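Here the structure comes first, spelled out in structure tokens, and everything after it is commentary.
Keep in mind it's a predicted model, so treat the numbers as computed, not measured. Atoms considered below: every heavy atom in the structure, side chains included; atoms not considered: hydrogens, waters and symmetry mates.
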Amino acid sequence: MTELRQRAAREPDAASEDKELESEVKIDGETASDSESRAETAPLSTSVDDTPEVLNRALSNLSSRWKNWWVRGILTLAMIAFFFIIIYLGPMVLMIIVMCVQIKCFHEIITIGYNVYHSYDLPWFRTLSWYFLLCVNYFFYGETVTDYFFTLVQREEPLRILSKYHRFISFTLYLIGFCMFVLSLVKKHYRLQFYMFGWTHVTLLIVVTQSHLVIHNLFEGMIWFIVPISCVICNDIMAYMFGFFFGRTPLIKLSPKKTWEGFIGGFFATVVFGLLLSYVMSGYRCFVCPVEYNNDTNSFTVDCEPSDLFRLQEYSIPEVIQSVIGLTTVWMYPFQIHSIALSTFASLIGPFGGFFASGFKRAFKIKDFANTIPGHGGIMDRFDCQYLMATFVNVYIASFIRGPNPSKLIQQFLTLRPDQQLHIFNTLRSHLADKGVLTAAVEDE
């Protein structure tokens, strides 16, 4: 009985605590969960037919399936032609295009968030999103300029000062945005504002960081930029072709139109394409040489003596395959072997970037990120796999390809004080003398 009385005495306290908690999570007469569910069920802008009128008239007699096939095909060829044009225009134009693509992808993702939560009138959301984009770009591109334009930076006093304090300036700019966000917090929108703060930062991580890696890959040589991107494009096209004509077995629920036939067919086609494209490009210095800044001409140069990676070598063929093709050896560029890894990732792992994007779009009940490209959706719809590929290529180069860069070491050496240069010179001379390299070099002279 005593225990029952104690329990009954505690029940009113528990009920009052529940009421307090309930009142705390109220948001303008709604609970936080109510506001979230209202945002989730709020319909976004429905997709419209953005096909050019010329194509609509020319393809009016076709079924919707074949009409979509022709629209996608024609615009794909147009995008490939544009890709060739920007490659011809050189690395500087490519960097500008990468920057433009990055900004457009960021705009598409942030716009989705704004459309979901625009009815709440969140203060400073769009302003802060673009401010953080500016801060992150300043940090990453400042690092790139300091790394690849070292001599130019040291030559110009304002650039030298900005380079020296670059990370402090970047951190200060971010802190300003962080404080602005805290000051913009409104009591009835706390949770939604933190949602959008996380939304912006995840978008920056996916878009800006990956585009920065794309530019780093470009500086290693245009072949490290063109081959991976082309493999993703080839896999996208061939998977669509195989799936369109032979697809019967669904691959993944997130993207019902994807089939196992398209996935497997795209894989084999991409590997073959990667081998052929690598063989053609490895023979041209303009593709295989690292992109470097020439201080004398104030321009980018891609002229060098190709490394062993881009020199033909003879390889023995396994005995199992010899009986099939009738050859014992084959001449290949070593880069072609690396292209197999790149094309395999592009065809087997790269599509998961597309599946991730499909899940994202399904979560917000939209068909495409935008209507920028008729038949294809937004820019982000075309680059969802490219960003994942850029990270892989950068990690692959750092792990298996890149070695010490003598030119960068010399540039840094020349910026030291004379006493520091002399110390390094004496240390290096002693080291080479101990190894017998310096003595042999003097005798040869």
Side-chain angles (χ1 to χ4, degrees), residues 80 83-84 87-88 90-91 94 213-214 216-239 241-242 262-292 301-351 385-386 388-407:
I80 292 174
F83 183 57
F84 281 121
I87 290 173
Y88 174 77
L94 282 173
L213 297 180
V214 169
H216 269 247
N217 299 340
L218 177 60
F219 275 106
E220 295 294 331
M222 291 184 67
I223 195 169
W224 291 104
F225 173 85
I226 297 172
V227 170
I229 286 180
S230 300
C231 285
V232 172
I233 294 173
C234 174
N235 182 72
D236 193 31
I237 295 172
M238 298 311 297
M241 297 288 286
F242 276 95
F263 186 74
I264 296 172
F267 164 69
F268 286 107
T270 304
V271 172
V272 174
F273 171 80
L275 285 170
L276 295 176
L277 180 62
S278 300
Y279 181 83
V280 173
M281 295 186 66
S282 295
Y284 295 91
R285 293 189 179 188
C286 61
F287 293 131
V288 304
C289 292
V291 178
E292 296 180 346
T301 59
V302 285
D303 188 23
C304 68
E305 189 64 29
S307 65
D308 292 337
L309 198 62
F310 304 105
R311 297 177 186 272
L312 281 171
Q313 297 182 20
E314 188 176 17
Y315 292 92
S316 298
I317 299 176
E319 295 182 359
V320 178
I321 304 178
Q322 288 181 13
S323 58
V324 178
I325 64 176
L327 297 173
T328 57
T329 60
V330 63
W331 286 88
M332 294 177 60
Y333 292 102
F335 180 79
Q336 288 182 271
I337 299 174
H338 294 291
S339 75
I340 297 175
L342 299 179
S343 56
T344 299
F345 184 91
S347 53
L348 297 185
I349 307 299
C385 302
Q386 295 287 2
L388 195 61
M389 188 72 191
T391 305
F392 172 74
V393 174
N394 191 270
V395 172
Y396 189 88
I397 292 173
S399 302
F400 305 108
I401 305 298
R402 185 188 296 131
N405 190 327
S407 63

What residue among Tyr333, Trp331, Tyr284 forms ring-ring contact (aromatic ring centres under 6.0 Å, His included) with Tyr279?
-> Tyr333

Indicate the ring-plane relationship of Tyr396 and Trp224, choosing parallel, tilted or perpendicular according to the 30° and 60° boundaries.
-> tilted

On a heavy-atom basis, the closest approach of Pro351 and Ala346 is CD-O, 3.3 Å

Is there a side-chain contact between Val302 and Phe287, using heavy atoms and a 4.5 Å cut-off?
-> no

Separation between CD of Glu305 and CZ of Arg311, rounded to the nearest 0.5 Å = 5.0 Å

Please examine the side chains of Tyr315 and Pro334, heavy atoms only from C-beta on, and report whether any two atoms are closer than 4.5 Å.
-> yes

Val288 to Phe310 - nearest heavy-atom pair and separation = CG1-CD2, 3.4 Å

Is there side-chain contact between Asp303 and Arg285, with at least one heavy-atom pair below 4.5 Å?
-> yes

Starting from the C-alpha separation in whole Å, work towards a yes-or-no answer on side chain to side chain contact (heavy atoms under 4.5 Å, CB included) for Ser282 and Ile223.
-> CA-CA 8 Å; Ser282 295; Ile223 195 169; 3.9 Å; yes

All heavy atoms of Cys385 vs all of Gly350, minimum pair found to be SG-O, 3.2 Å

Interatomic spacing from CD in Gln336 to CG in Leu309 - rounded to 0.5 Å | 10.5 Å

Is there side-chain contact between Asn235 and Phe273, with heavy atoms separated by less than 4.5 Å?
-> no

Backbone of Val232 reached by a side-chain donor or acceptor of Asp236 within 3.5 Å | no

Given Ile325 and Val330, is the side chain to side chain contact (heavy atoms under 4.5 Å, CB included) satisfied, shown in steps?
-> CA-CA 11 Å; Ile325 64 176; Val330 63; over 6 Å; no

Flag the pair Gln386 / Ile233 as yes when at least one side-chain heavy-atom distance between them is below 4.5 Å, and no otherwise.
-> yes

Hey, what do you get for CD1 (Ile226) to CD1 (Ile87), rounding to the nearest 0.5 Å?
-> 4.0 Å

Given the rule in the side chain to side chain contact (heavy atoms under 4.5 Å, CB included) test, do Phe263 and Leu348 qualify, once you have shown the distances and angles that lead to the verdict?
-> CA-CA 8 Å; Phe263 186 74; Leu348 297 185; 3.9 Å; yes

Indicate yes or no for a side-chain donor-acceptor contact from Ser230 to the backbone of Val227 under 3.5 Å, with no hydrogens or angles considered.
-> no

Tell me, do His216 and Ile397 make a side-chain contact under 4.5 Å, heavy atoms counted?
-> no

Can you check side chain to side chain contact (heavy atoms under 4.5 Å, CB included) on Met222 and Val291, steps first, answer last?
-> CA-CA 7 Å; Met222 291 184 67; Val291 178; 4.3 Å; yes

Note: Met389 and Leu342 closest approach over all heavy atoms is CE-O, 3.1 Å

One should read off an interatomic distance between Leu275 CG and Ile337 CD1, to the nearest 0.5 angstrom, of 9.5 Å

Are more than 12 heavy atoms from other residues, nucleotides or ligands located less than 6.0 Å from atom CD of Glu314?
-> yes

Side chains of Phe392 and Ile349 in contact at under 4.5 Å (non-hydrogen atoms) | no

When every non-hydrogen atom of Ile317 is compared with those of Gln322, the smallest separation belongs to O-NE2, 2.6 Å

If you take all heavy atoms of Gly274 and Ser278, which pair is closest and at what distance?
-> O-OG, 2.7 Å

